[in-house]
Number of protein chains: 2
Amino acid sequence: MKNRIKDLRKSKKMTQEELAIKVGVSRQSIIAIESGKYNPSLELAYNISKAFDSIIEDVFILEERGEE
Amino acid sequence: MKNRIKDLRKSKKMTQEELAIKVGVSRQSIIAIESGKYNPSLELAYNISKAFDSIIEDVFILEERGEE
DNA sequence: CAATAATGTAAAGCTTACTTGACATTACAC
DNA sequence: GTGTAATGTCAAGTAAGCTTTACATTATTG
């Protein structure tokens with residue numbers, strides 16, 4: 001899952017560790033999410049977006065699941 | 001985590017099973033999320049909100065983590 | 001260049017989201 | 001009242017998010 005975390009983080013001059021502490025997870029989790037390696041929980045996604053004063057849909061690039 | 005899924009689902013006359021199939025998870029998962037038993041993944045939260053033609057923030061009631 | 005901060009990577013373990021299956025209860029149609 | 005659809009609950013297992021530790025690489029700063 002793609003996202004704009006890295007850019008947003010840099011534009012706020014925030015390190016991975018600072019963001020991790022701010023949203024209450026480990027730095028590893030930030031790295032994994034930044035690199036699209038996994039699908040964060042809703043709560044974490046929300047906290048991250050709030051760390052950037054944004055809404056989730058603005059930080060994460062989500063694609064709708066096809067209907068069946 | 002609180003949410004409006006049950007109400008939205010009823011207003012769309014959708015069963016738990018229909019919603020589960022539509023968003024690609026088991027009915028158990030829908031039950032657990034509806035009852036706030038756990039924190040869904042961002043992707044699932046997104047698919048659920050799209051099933052109701054809404055955005056995440058409109059379906060799930062999220063609370064920001066306190067700063068430290 | 002040297003020192004230190006920031007980022008990247010990898011592995012092992014824990015926790016919890018999510019599945020599957022089975023059955024019990026409630027609601028609604030016939 | 002009987003049959004069937006929808007919901008609720010419980011339990012055991014799998015998958016994946018997340019943690020912790022450790023170290024290597026790439027900035028950045030003096």
Side-chain angles (χ1 to χ4, degrees):
Chain A
M1 166 182 319
K2 295 193 173 171
N3 63 75
R4 297 173 50 226
I5 297 175
K6 194 166 192 166
D7 286 346
L8 288 164
R9 189 169 56 73
K10 299 222 162 173
S11 74
K12 287 231 170 188
K13 299 208 191 318
M14 214 180 219
T15 70
Q16 292 176 335
E17 193 162 17
E18 284 166 348
L19 177 59
I21 291 168
K22 183 161 192 170
V23 301
V25 296
S26 69
R27 189 170 66 92
Q28 280 311 310
S29 294
I30 298 297
I31 291 174
I33 292 165
E34 256 189 22
S35 66
K37 206 173 155 192
Y38 66 57
N39 183 16
S41 71
L42 175 55
E43 230 166 65
L44 177 50
Y46 181 76
N47 288 328
I48 290 173
S49 68
K50 285 306 161 195
F52 300 127
D53 305 306
S54 303
I55 63 168
I56 291 174
E57 280 85 349
D58 228 58
V59 177
F60 294 88
I61 293 123
L62 293 154
E63 279 170 32
E64 198 162 352
R65 193 187 127 75
E67 304 273 321
E68 71 288 347
Chain B
M1 167 182 320
K2 295 194 175 172
N3 63 76
R4 297 173 52 225
I5 296 176
K6 194 168 193 164
D7 287 345
L8 289 164
R9 189 169 56 73
K10 299 222 161 174
S11 74
K12 287 230 173 191
K13 299 206 192 320
M14 214 179 219
T15 70
Q16 293 177 335
E17 193 163 16
E18 284 166 347
L19 177 58
I21 291 168
K22 184 160 190 170
V23 302
V25 296
S26 69
R27 188 170 67 90
Q28 280 312 310
S29 294
I30 298 297
I31 291 173
I33 292 164
E34 255 187 25
S35 66
K37 208 174 154 192
Y38 63 58
N39 182 15
S41 69
L42 175 56
E43 228 166 66
L44 177 49
Y46 181 76
N47 288 329
I48 290 173
S49 68
K50 284 306 164 197
F52 301 127
D53 304 307
S54 304
I55 64 169
I56 290 174
E57 280 86 349
D58 228 59
V59 176
F60 294 88
I61 293 120
L62 293 155
E63 278 169 34
E64 197 162 353
R65 190 188 130 74
E67 303 272 324
E68 74 290 343

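Chain A is the first sequence line, chain B the second, and so forth, proteins listed ahead of strands; every chain is numbered from 1. Just the heavy atoms: all of them, side chains too, but no hydrogens, waters or symmetry mates, feed the values below. Everything quoted here is computed from the prediction, not taken from an experiment.
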In whole Å, what is the span from the [atom1] atom of [X] to the [atom2] atom of [N]?
X: B:Ile48; N: C:dA17; atom1: CD1; atom2: C1'; value: 12 Å
X: A:Leu42; N: C:dC18; atom1: CG; atom2: C1'; value: 15 Å
X: B:Ile21; N: C:dT20; atom1: CD1; atom2: C1'; value: 15 Å
X: B:Ile31; N: C:dT19; atom1: CD1; atom2: C1'; value: 12 Å

Would B:Leu42 and A:Tyr46 count as a side chain to side chain contact (heavy atoms under 4.5 Å, CB included) if you check the C-alpha gap in whole Å, the side-chain angles of each, and the deciding distance to 0.1 Å? CA-CA 9 Å; B:Leu42 175 56; A:Tyr46 181 76; over 6 Å; no
Between the two end axes of the helix from C:dC1-D:dG30 to C:dC30-D:dG1, each built from 5 base pairs, what angle do you get to the nearest 10°?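 About 50° separates the two local helix axes.
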What heavy-atom pair brings [X] and [Y] nearest, and what distance separates the two atoms?
X: A:Pro40; Y: A:Phe60; result: CG-CE2, 4.0 Å
X: B:Asp58; Y: B:Ser54; result: CB-CB, 4.1 Å
X: B:Tyr38; Y: B:Ile33; result: CE1-CG1, 3.6 Å

Return the set of residues passing side-chain contact (heavy atoms from CB on, under 4.5 Å) with [X] (not counting sequence neighbours), or none when no residue passes.
X: B:Ser35; value: B:Lys37
X: B:Glu43; value: A:Met1, A:Asn39, B:Ser41
X: A:Glu57; value: A:Ile55, B:Ile55, B:Ile56, B:Glu57

Take B:Leu8 and B:Ile48 through the test side chain to side chain contact (heavy atoms under 4.5 Å, CB included) and record every step on the way to the result. CA-CA 10 Å; B:Leu8 289 164; B:Ile48 290 173; over 6 Å; no
Measuring from the side chain of B:Gln16 (C-beta onward, heavy atoms only), which nucleotide among D:dT7, C:dG8, D:dT9 has the closest atom?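 Nucleotide nearest to B:Gln16's side chain: D:dT7.
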Report the residue from A:Glu17, A:Gln16, A:Glu18 that forms a side chain to side chain donor-acceptor pair (under 3.5 Å) with A:Arg27.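 Going through A:Glu17, A:Gln16, A:Glu18 one by one, the side chain to side chain donor-acceptor pair (under 3.5 Å) with A:Arg27 is satisfied by A:Gln16 alone.
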Across all chains, not counting sequence neighbours, the side chain to side chain donor-acceptor pair (under 3.5 Å) partners of B:Ser26 are B:Ser29
So if I take residues 2-12 of chain B and measure heavy-atom distances to DNA chain C, which residues fall below 4.0 Å?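 Per residue number, the list is empty: none.
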I'd like a list of close polar pairs between nucleotides 25-30 of chain C and the protein, N/O only, cut-off under 3.5 Å.
none

Mind jotting down which residue pairs meet the side chain to side chain donor-acceptor pair (under 3.5 Å) criterion with at least one end in residues 1-10 of chain B? Sequence neighbours excluded, please. B:Arg9-B:Glu34
Report the C-alpha separation of B:Asp53 and B:Lys12 in whole Å, then their side-chain angles, then the decisive distance to 0.1 Å, and conclude whether the side chain to side chain contact (heavy atoms under 4.5 Å, CB included) test is met. CA-CA 11 Å; B:Asp53 304 307; B:Lys12 287 230 173 191; 2.7 Å; yes
Single-linkage hydrophobic cluster, 4.5 Å side-chain cutoff, B:Ile31 and B:Leu19 together: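 Different clusters.
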One character per nucleotide, please: for nucleotides 12-30 of chain D, 5' to 3', B when the base has a protein heavy atom closer than 4.0 Å, S when only the sugar-phosphate does, - otherwise. -----SBBBBB--------
